[in-house]
Amino acid sequence: MIAKNFEQVHRHIVGTAERVGRDPGDVRLVAVTKEHDTDTIAEGLRAGAKVLGENKIQDAQGKIETLGHDGMEWHFIGHLQKNKVKFIFDLFDLIHSVDSAALAEAIHEKAQARGTCMPILLQVNVSGEASKFGMDPDDAPEVIHRLASLEGVKIKGLMTIPPFDADPEKSRPYYVRLRELRDSCAKLAFPNVSLDELSMGMSNDYEVAIEEGATLVRVGTALFGPRPSTK
Ligand SMILES: *Cc1c(COP(=O)(O)O)cnc(C)c1O
């Protein structure tokens with residue numbers, strides 16, 4: 001079942017990218033493994049998963065200890081509390097969900113102490129929903145400016161989570177807004193900042209996200225089925 005799902009999602013990614021004249025190689029699938037056990041994740045790896053997404057440090061620790069890092073990347077996609085920052089360096093290759101300048105500064109400080117640098121995406125709340133984490137789009141240029149000189153973080157792009165709607169077309173305006181925000185920030189040409197990555201799109205709307213420029217789609221349910229908590 002999981003192998004079939006991967007095949008189908010992969011086919012949809014390639015088909016959608018080609019339809020809008022994009023290189024399918026520019027779209028990476030983040031297989032969201034939150035709530036799933038290591039047996040299920042191992043099945044995903046056999047089905048071709050290269051990038052795995054987890055949203056809780058304490059859940060990810062055991063899984064990553066068991067499965068390791070060989071031939072795969074682990075990405076953090078959840079809300080990161082400052083007191084958990086110290087754990088991310090041994091676990092994750094990219095943090096999608098840096099939702100404030102203060103959090104980025106905390107990552108920078110810990111990274112510097114370890115003599116390393118953490119690649120990050122800035123999470124932007126393009127919908128303005130009060131329940132969503134992420135910075136105000138209007139603040140993004142100033143935040144990027146402030147973070148550009150920090151050696152412990154490397155900004156790679158932007159991420160967003162739109163309000164859930166069963167109709168994928170409802171997500172499109174938010175994905176357009178994130179792309180336009182990226183384009184306008186990229187024009188400011190901050191040194192040490194690349195804004196190539198757009199992390200947007202989930203099981204129900206990743207095709208729309210790819211049409212609008214997503215380079216990382218975060219897909220869980222369409223690959224692994226419903227999560228235990230939603231069954
Ligand atoms: C759970 C989660 C996803 C995956 O959602 P699905 O609808 O199962 O594809 C994507 N992004 C984030 C940030 C998540 O927390």
Side-chain angles (χ1 to χ4, degrees), residues 1-2 4-13 16 27-37 40-41 43-44 47-61 63-64 72-81 84 88 91-100 103 119-127 129-135 156-172 174-175 177-178 197-231:
M1 193 62 197
I2 288 177
K4 264 219 166 67
N5 291 344
F6 268 82
E7 221 172 273
Q8 187 176 30
V9 169
H10 181 68
R11 195 155 18 91
H12 288 171
I13 290 173
T16 306
V27 183
R28 287 200 295 161
L29 173 64
V30 181
V32 176
T33 51
K34 67 185 188 203
E35 294 187 33
H36 292 297
D37 58 26
T40 305
I41 302 172
E43 211 176 325
K50 295 269 181 292
V51 184
L52 307 174
E54 284 282 331
N55 74 332
K56 290 202 174 81
I57 298 287
Q58 60 272 34
D59 292 351
Q61 268 169 331
K63 299 183 195 182
I64 298 175
M72 58 187 134
E73 288 182 21
W74 292 91
H75 290 188
F76 189 74
I77 62 170
H79 178 60
L80 180 59
Q81 287 162 312
K84 299 276 169 62
I88 62 176
L91 298 174
F92 294 104
D93 302 286
L94 177 68
I95 311 297
H96 286 230
S97 43
V98 175
D99 50 16
S100 69
L103 176 60
I120 62 170
L121 308 180
L122 299 178
Q123 181 172 354
V124 182
N125 184 358
V126 282
S127 68
E129 266 186 308
S131 63
K132 287 275 187 318
F133 291 109
M135 60 192 70
K156 297 281 195 182
L158 305 178
M159 177 269 212
T160 200
I161 308 173
F164 177 80
D165 197 298
D167 176 6
E169 279 302 325
K170 292 287 197 311
S171 300
R172 191 182 299 276
Y174 302 113
Y175 295 156
R177 216 170 293 165
L178 193 72
E197 303 285 5
L198 284 178
S199 169
M200 54 190 200
M202 311 185 5
S203 287
N204 67 318
D205 64 6
Y206 66 90
E207 286 152 305
V208 166
I210 292 168
E211 288 169 5
E212 299 304 339
T215 62
L216 291 159
V217 289
R218 311 177 307 266
V219 179
T221 309
L223 296 171
F224 296 107
R227 282 179 284 280
S229 70
T230 60
K231 267 182 193 163

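Both counts, for ligands and for their atoms, begin at 1 and track the order of listing.
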Student: Output all residues satisfying side-chain contact (heavy atoms from CB on, under 4.5 Å) with T221, sequence neighbours left out; order by chain, then residue number.
Tutor: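 With sequence neighbours excluded, T221 shows a side-chain contact (heavy atoms from CB on, under 4.5 Å) to S203, R227, given in chain and number order.
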
Student: If you count only heavy atoms, which residues are under 4.0 Å from ligand 1?
Tutor: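 Contacting ligand 1 under 4.0 Å are V32, K34, I77, I161, M202, S203, R218, V219, G220, T221, R227.
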
Student: Below 4.5 Å, heavy atoms only, C-beta onward: do L29 and H10 meet side chain to side chain?
Tutor: no

Student: According to side-chain contact (heavy atoms from CB on, under 4.5 Å), who are the partners of M72, at least two apart in sequence or on a separate chain?
Tutor: L45, L52, L67, W74

Student: Salt bridge or not for E169 and R172, using N-O below 4.0 Å?
Tutor: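 So E169 pairs with R172 through a salt bridge.
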
Student: Could you pull out all residues at least two apart from H12 that satisfy ring pair (Phe, Tyr, Trp, His ring centres under 6.0 Å)?
Tutor: none

Student: When the ring planes of F224 and F6 are compared, do they come out parallel, tilted or perpendicular, using 30° and 60° as the limits?
Tutor: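 Rings of F224 and F6: perpendicular, as their planes differ by over 60°.
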
